[in-house]
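Note sheet for the following structure.
A, B, ... follow the sequence lines: proteins, then strands. Residue 1 opens every chain. Note that these values count all heavy atoms, side chains included, but never hydrogens, waters or copies made by symmetry.
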There are 2 protein chains.
Amino acid sequence: MTLAEVARRAKVSTTTVSRVLNQSALVNPATRRAVERVIRELNFHPNLHARVLAAGKSRTVGLVVSNLENPFFLDIFRAMESEAHEHGYDVTVQNTGYDRARLLAAVHQLLQVRAAGAAIIVSEMDPALQAELAESRMPTVIYDVGQPGPHVTSIKVNYERGIRKAVEYLYALGHRRMAFVGHHPGLKPLQGRREAFLATMKEYDGRIHYALAMEADDPPGGKRAARSVLASRPQPTAILCANDFMALGVLGELREQGLKVPEEISVVGYDNIGLAQFAAPPLTTLDIPREAIGRMAFHALTADRNPAKAAAAPPREWLVEPELVVRASTAPPPAR
Amino acid sequence: MTLAEVARRAKVSTTTVSRVLNQSALVNPATRRAVERVIRELNFHPNLHARVLAAGKSRTVGLVVSNLENPFFLDIFRAMESEAHEHGYDVTVQNTGYDRARLLAAVHQLLQVRAAGAAIIVSEMDPALQAELAESRMPTVIYDVGQPGPHVTSIKVNYERGIRKAVEYLYALGHRRMAFVGHHPGLKPLQGRREAFLATMKEYDGRIHYALAMEADDPPGGKRAARSVLASRPQPTAILCANDFMALGVLGELREQGLKVPEEISVVGYDNIGLAQFAAPPLTTLDIPREAIGRMAFHALTADRNPAKAAAAPPREWLVEPELVVRASTAPPPAR
DNA sequence: TTGAAAGCGCTACCAG
DNA sequence: CTGGTAGCGCTTTCAA
């Protein structure tokens, strides 16, 4: 089934059919109806590849994330998708599983489909890829790493500020022994949270004792990490997690070990995913506005498309501030 | 950057470049290396739209699901994707949010990109769309509804059997007042679970008192549903959920109401998502092999591609049996 | 082992 | 308002 076939049956030119497909105004209403009828009868679906090829532009933007299983990324995807749909765009997601090879493959795929833009919200970004992306001239959004440029917008989360808020809060509650549960050393953004923690610890200069553990980004990873830090001595009275998803796992381990949260030990997460309030107990965490990030990412990718509104273009760099959300997983440490 | 440009620089024909791109064996190793060098230097990424258009076939399969946020669907996606990658295919996911209009749009999109096949794992399928899909002759996998056909494979879960297992288990524990938490009446598969529950109740013919509540497919929905069934009298001593994702929400509500699980009330989920073991308490549930479903779906879509192995083709209809997984959210009802 | 040329299905420019 | 036609970038015979 091709457009030519439709044209033949409708007794018009392919040009006309193309016009009705593209909502062009320059087509007689009667003609339009006739063509539409044929399209419906034939169950015609225009070949998108041909359209993109001929038109030379695509209305698809790509999103590549590290771990779709983690609601943090999923939320960004959904926000971006809904914003895109409102503007007549589609978004294709790709999951890397924190694997650099898959990241590379994902980016190449987007380059091959000549996507209108790509938002790379991953933790495993590397400089070489950033350079390649910059050269490609495809509008790009990068997360937590690198610098903005002609076609690249950078979104960064002020992790350190977030961690500091959490540590200050815990310190004020009386906690002096803390543990940090992060993951995948070497992955910049996550390491960012870890380093933010270390930097904050340094500020407290010896007044806080701490332990660290790095594991996979999921509940089982959190569980293992919790087991590890609980084995350290002196045992921490509070555990800070690199994200809520892992925090779910640390809560599970604490439950298994019979440690009451928050009476015996406090836990704070990061991200404020929806599940955080359904954790037992509901998780104190640092909110990161995923909805805004997703929408912002979409606009950053499609902004240059409207040179007219260039003035209203979004900033090429955006710093996000996490907010502390106190729920039931934190309390003063046990009197001992 | 086009293939022609590469050909010019490499001083060969476009045909040759095309050949190296397609791993064709009929190209001199030296020539190949030369071309590959130019490709690398130019950072050339062949236009996928042009390739698909010219070749007339695509190595992309589509997956459309109702709610990616629900790990059940995400797991199917990941399994399908990993299987696809192993076979040189890509998969594009689309999320409908249980919205028929979005489902239609998603399917049309797949038709437009001439996808190699489409797995429609949704609860909002309707007969008209099934018919359209059948006519389209695109390999399709449908879930829980309809009949298999020339190009359509049907995967069905034996919900009733699962529900019966759960009810029998609870009945044996001593429960006589149960509630079922489902969602979106009118959505076939989910209704399927509800009807399976009702059918089972009928078998017990008055020996079990029950209540029902339908809400959204997420923890908040489960929470609302729980509130509703807890208000019914006599109050149930066990709650069966249409899926684990909602069960997370009912556990949250029970916790808020101060009801101890499983001492005062039992909860059983459905699906056995990874989070089920991280729920508090770990959830008794019915396992559905999502990994197998995802892989099976991929093969069903690409099977006809290999007429040689037609004999080893997967069955056009597959019935999945849920297995009861007992964890800590169920126990005998309180003595009262 | 390599190349010339005819499409793939659609859009867009230029006429009428 | 409508149509003819030249591509878009690549694959695929068919020859050489």
Side-chain angles (χ1 to χ4, degrees), chain A residues 1-36 38-39 42-60 88 108-116 136-138, chain B residues 1-36 38-39 42-60 88 108-116 136-138:
Chain A
M1 197 53 349
T2 70
L3 180 152
E5 175 70 13
V6 173
R8 193 173 317 122
R9 303 241 194 168
K11 301 192 193 312
V12 297
S13 70
T14 59
T15 308
T16 298
V17 177
S18 174
R19 285 191 178 114
V20 349
L21 244 32
N22 294 291
Q23 329 261 33
S24 162
L26 345 73
V27 45
N28 183 300
T31 313
R32 169 184 301 281
R33 271 193 299 281
V35 173
E36 282 170 342
V38 176
I39 288 179
L42 266 48
N43 229 285
F44 169 66
H45 292 279
N47 186 315
L48 198 58
H49 299 294
R51 298 183 78 166
V52 172
L53 186 58
K57 60 194 172 202
S58 145
R59 293 193 59 92
T60 295
H108 286 172
Q109 225 264 80
L110 294 175
L111 252 16
Q112 293 184 176
V113 299
R114 305 295 189 262
S136 79
R137 330 207 105 255
M138 163 191 257
Chain B
M1 196 56 346
T2 71
L3 180 152
E5 175 71 13
V6 173
R8 193 173 316 122
R9 304 240 193 169
K11 301 193 192 312
V12 297
S13 69
T14 59
T15 309
T16 298
V17 178
S18 174
R19 285 193 179 112
V20 347
L21 243 31
N22 294 290
Q23 330 260 36
S24 163
L26 346 71
V27 45
N28 184 301
T31 313
R32 171 185 301 282
R33 272 193 299 281
V35 172
E36 283 170 342
V38 175
I39 288 179
L42 266 48
N43 228 283
F44 170 65
H45 292 279
N47 185 315
L48 198 58
H49 299 293
R51 299 184 78 167
V52 172
L53 186 59
K57 60 193 173 204
S58 145
R59 289 188 70 88
T60 295
H108 286 172
Q109 225 263 77
L110 293 175
L111 252 16
Q112 294 184 173
V113 299
R114 304 296 188 262
S136 79
R137 330 207 105 255
M138 162 191 256

Roughly how many Å is it from [atom1] in [X] to [atom2] in [N], rounded to a whole number?
X: B:N47; N: C:dG9; atom1: CG; atom2: C1'; value: 14 Å
X: A:L42; N: C:dG9; atom1: CG; atom2: C1'; value: 15 Å
X: A:R59; N: C:dT11; atom1: CZ; atom2: C1'; value: 15 Å
X: A:L3; N: C:dC8; atom1: CG; atom2: P; value: 13 Å
X: A:R51; N: C:dC8; atom1: CZ; atom2: C1'; value: 16 Å
X: A:L26; N: C:dC14; atom1: CG; atom2: P; value: 15 Å
X: B:R33; N: C:dT1; atom1: CZ; atom2: C1'; value: 15 Å
X: A:K57; N: C:dT11; atom1: NZ; atom2: C1'; value: 9 Å

#### Entry: Of residues 7-16 of chain B, the positions that come close to DNA chain C - non-hydrogen atoms, cut-off under 4.0 Å
B:V12, B:S13, B:T15, B:T16
### Query
Who pairs with A:Q112 by side-chain hydrogen bond (donor to acceptor under 3.5 Å, both in side chains), at least two apart in sequence or on another chain?
none
### Query
First contact, last contact: which nucleotides of DNA chain D are these for chain A, 5' to 3', heavy-atom distance under 4.0 Å?
D:dC1 to D:dG9
### Task
Sequence neighbours left out, what pairs pass salt bridge (Lys or Arg N to Asp or Glu O under 4.0 Å) with at least one residue falling in residues 4-20 of chain B?
B:E5-B:R8, B:E5-B:R9
### Query
Think A:N22 has a side-chain N or O under 4.0 angstrom from the OP1 or OP2 of C:dT11?
yes
### Message
To the nearest 0.5 Å, what is the distance between CG on A:N43 and OG on B:S136?
### Response
8.0 Å
### Task
Can you measure from NE2 (A:H45) to CE (A:M1) and round to the nearest 0.5 angstrom?
11.0 Å
### Closest-nucleotide 5' rank along DNA chain C - winner of B:R114 and B:A25
B:A25
Please tabulate, for the side chains in residues 23-32 of chain A, all donor-acceptor contacts under 3.5 angstrom to protein atoms that are two or more places apart in sequence or on a different chain.
| from | atom 1 | to | atom 2 | distance (Å) |
| --- | --- | --- | --- | --- |
| A:S24 | OG | A:L26 | N | 3.2 |
| A:N28 | OD1 | A:A30 | N | 2.7 |
| A:R32 | NH2 | A:S24 | O | 2.6 |

Please list every donor-acceptor pair under 3.5 Å in which a side-chain atom of residues 47-56 of chain A meets a protein atom from a residue at least two apart or in another chain.
| from | atom 1 | to | atom 2 | distance (Å) |
| --- | --- | --- | --- | --- |
| A:N47 | OD1 | A:H49 | N | 2.8 |
| A:N47 | OD1 | A:A50 | N | 3.1 |
| A:H49 | ND1 | B:H49 | ND1 | 3.1 |
| A:H49 | NE2 | B:V113 | O | 3.0 |
| A:R51 | NH2 | A:N22 | OD1 | 2.9 |

